[in-house]
Amino acid sequence: MASLAQQFACLRCLPLPSKPFSPAQSSRPKRLSVVSAVPVSNAQTKERQKLLQLFEEAYERCRTAPMEGVPFTLEDFHAALDKYDFDSDIGSKIKGTVFATDSNGAFVDVTAKSSAYLPVREACIHKIKHVEEAGIVPGLQGEFVIIGERESDDSLILSLRSPQYDLAWERCRQLQAEDVFVKGKVVGGNRGGVVAVVEGLHGFVPFSQISSKLTAEELLDKELPLKFVEVDEEDSRLILSNRKAMADSQAQLGIGSVVTGSVQSLKPYGAFIDIGGMNGLLHVSQISHDRVSDIATVLQPGDTLKVMILSHDRERGRVSLSTKKLEPTPGDMIRNPKLVFEKADEMAQTFRQRIAQAEAMARADMLRFQPESGLSLSSDGILGPLTTDLPAEGLDLTDVPSAEDS
């Protein structure tokens, strides 16, 4: 008996018999071709008719409505292309999910024919020993940069450090534009200066831009306040200045502030003091209440001392300094400079109070000649309604020490 497949193959080319085949029909003319000598039962005929109908329906649907009843739409197809298709060229960005880590890096699923790999050296802009130190654990999703391909299995080599470098340079440009200072850790040095890490980048600080006289070895592992001098990503040049950061910081100090400095050089008229990158002049008349005929008898280059700021010269980057104002008793700077430095903050506070008192009294005297204002200062320096407490002749300011002599 012919198989069902053989019978189905004949459905499209032979007419179906109207009734079952019987031996009596063998009397027909011999010119009639006999397809099969195997009798077909009524049940088989119905089955063949049913199969033919199904085939006709399937054929018609494929011709007129090929997507009818199919859950996968054209939009789904385009979405799949967007999800699984990507540019594997070096430098291209690709999204992926970390699914495993080992001692050398992390395996990343990027929906490619094989997994991608993130080496530990490419996991972070900072130097780390394991990817988990950078927060890279299974399940982490992110955007990676393709930096190569392994020939052994055609898997991609990825990097997170590359985009982090781009962000670091952008951050440095922003900080330079804002003219703010940052902290940088010294990690190395050479004959010209030291190398400091800022925002994950290695910047160079020339010795001429370091306020202290410490050597590169002495500065190693120390944090320095720095400002940006040059930020050039194209040439990978990052130049920093500790002197500029310190100078700007000192410039924010007000008159009467006490700072620590070091003697740089001596002149007949005074001593030049380095106060964190800014040049300050300690005039010979401001060293002590007692007369100083030879500065070298009191100060030497390299000495560290505390000084008080008297005035700023921002254009020249200098300030006027005084140790005279810090003497507990006249002449202490010559006889006992250690006591002067110990009492420096206390004496500076007293100096500022005396200045504030003098200013208050000066304002009160001005109001003395402007009674129409209706205001006056109390003995405590508080502005209030005009009273008759002021003497008719005004305030006597002859006992208030001047800024130069006090």
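Here the side chains of Val198 and Leu240 are in contact, with some heavy-atom distance below 4.5 Å. Using a 4.5 Å cut-off on side-chain heavy atoms (C-beta onward), Leu54 and Leu52 make no contact. Contact of the Leu201 side chain with the Cys172 side chain is registered, since non-hydrogen atoms from C-beta on lie closer than 4.5 Å. For the pair Arg243 and Lys227, the minimum side-chain heavy-atom distance is 4.5 Å or more. Contact of the Phe181 side chain with the Pro225 side chain is registered, since non-hydrogen atoms from C-beta on lie closer than 4.5 Å. The side-chain heavy atoms of Ile239 and Phe228, taken from C-beta on, include no pair separated by under 4.5 Å. The shortest side-chain heavy-atom distance between Met333 and Leu299 falls under the 4.5 Å cut-off. By the 4.5 Å heavy-atom criterion applied to side chains, Asn190 and Phe204 are counted as neighbours.
Minimum interatomic distance between Leu326 and Ala344 (heavy atoms only, all atoms of both residues): CD2-O, 3.5 Å. The two residues Ser288 and Gly331 come nearest to each other via the heavy atoms OG-CA, 3.4 Å. In terms of heavy atoms, Leu282 sits closest to Leu321 at CD1-O, 3.6 Å. Nearest approach of Leu226 to Gly184, heavy atoms of both residues: CD1-CA, 3.8 Å. Pairing each heavy atom of Val229 with each of Ser241, the nearest pair is CG2-CB, 3.6 Å. Contact record, Gly96 with Val110: CA-CG1, 4.1 Å, taken as the closest heavy-atom pair.
Here Glu327 does not pair with Lys343 in a salt bridge; the nearest charged N to carboxylate O distance is not below 4.0 Å. Ion pair Glu223/Lys183 not flagged as a salt bridge, since none of the NZ, NE, NH1 or NH2 atoms sits closer than 4.0 Å to an Asp/Glu carboxylate oxygen. Between Lys95 and Asp109 there is no salt bridge, since no side-chain N of the basic residue sits under 4.0 Å from a carboxylate O of the acidic one.
Here the side chain of Glu218 pairs a donor or acceptor atom with the backbone of Thr215 at under 3.5 angstrom. Of the possible polar contacts, none joining the Ser236 side chain to the Asp232 backbone as a donor-acceptor pair under 3.5 Å is found. No donor-acceptor distance shorter than 3.5 angstrom exists from the side chain of His202 to the backbone of Val187, with no hydrogens or angles considered. The main-chain N or O of Gln176 is never found under 3.5 Å from a side-chain atom of Asp179 such that the two would form a donor-acceptor pair. In terms of modelled atom types and a separation under 3.5 Å, the side chain of Asp303 and the main chain of Gln300 share a donor-acceptor contact. When atom types are taken as modelled, the side chain of Gln286 and the backbone of Lys324 share no donor-acceptor pair closer than 3.5 angstrom. Of the possible donor and acceptor atoms, none in the side chain of Asn242 sits under 3.5 Å from a partner among the backbone N and O of Ala245. Between the Asp102 side chain and the Asn104 main chain, a donor and an acceptor come within less than 3.5 Å of each other. Within the 3.5 Å criterion, the main-chain N or O of Gly105 finds a donor-acceptor partner in the side chain of Tyr117. Judged by distance alone, with hydrogens and angles left aside, the side-chain atoms of Ser262 form no donor-acceptor pair with the main-chain N or O of Gly302 at under 3.5 Å.
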Given the rule in the side-chain contact (heavy atoms from CB on, under 4.5 Å) test, do Lys185 and Asp221 qualify, once you have shown the distances and angles that lead to the verdict?
CA-CA 6 Å; Lys185 184 177 181 179; Asp221 294 330; 4.0 Å; yes

side-chain contact (heavy atoms from CB on, under 4.5 Å) assessment of Ile136 paired with Leu160:
CA-CA 10 Å; Ile136 300 174; Leu160 283 175; 3.7 Å; yes

Please evaluate residues Glu199 and Leu167 with respect to the criterion side-chain contact (heavy atoms from CB on, under 4.5 Å), reporting the C-alpha separation (whole Å), side-chain torsions for both, the decisive distance (0.1 Å), and the verdict.
CA-CA 9 Å; Glu199 296 292 324; Leu167 292 175; over 6 Å; no

Set out, in order, the CA-CA distance, both residues' side-chain angles and the distance that settles side-chain contact (heavy atoms from CB on, under 4.5 Å) for Thr329 and His289, then state yes or no.
CA-CA 8 Å; Thr329 57; His289 283 84; over 6 Å; no

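Within a 6.0 Å sphere centred on CZ of Arg173, other residues, nucleotides and ligands contribute more than 12 heavy atoms. In this structure, Arg335 places its CZ atom where more than 12 heavy-atom neighbours from other residues, nucleotides or ligands lie under 6.0 Å away.
For the side-chain contact (heavy atoms from CB on, under 4.5 Å) with Lys306, the lone residue among Thr323, Asp345, Val259 that qualifies is Asp345.
For Arg161 and Gln164, the side-chain atoms include no donor-acceptor pair closer than 3.5 Å. Side-chain N/O atoms of Glu178 and Gln174 include a donor and acceptor closer than 3.5 Å. Between the side chains of Thr297 and Asp294, no donor-acceptor pair of N or O atoms lies under 3.5 Å.
For the atom pair Ser208 OG and Ile210 CD1, the distance stands at 8.5 Å (nearest 0.5 Å). Note that the CD1 atom of Ile146 and the NZ atom of Lys93 stand 12.0 Å from one another [nearest 0.5 Å].
Under the ring pair (Phe, Tyr, Trp, His ring centres under 6.0 Å) criterion, Phe341 pairs with no residue, sequence neighbours left out.
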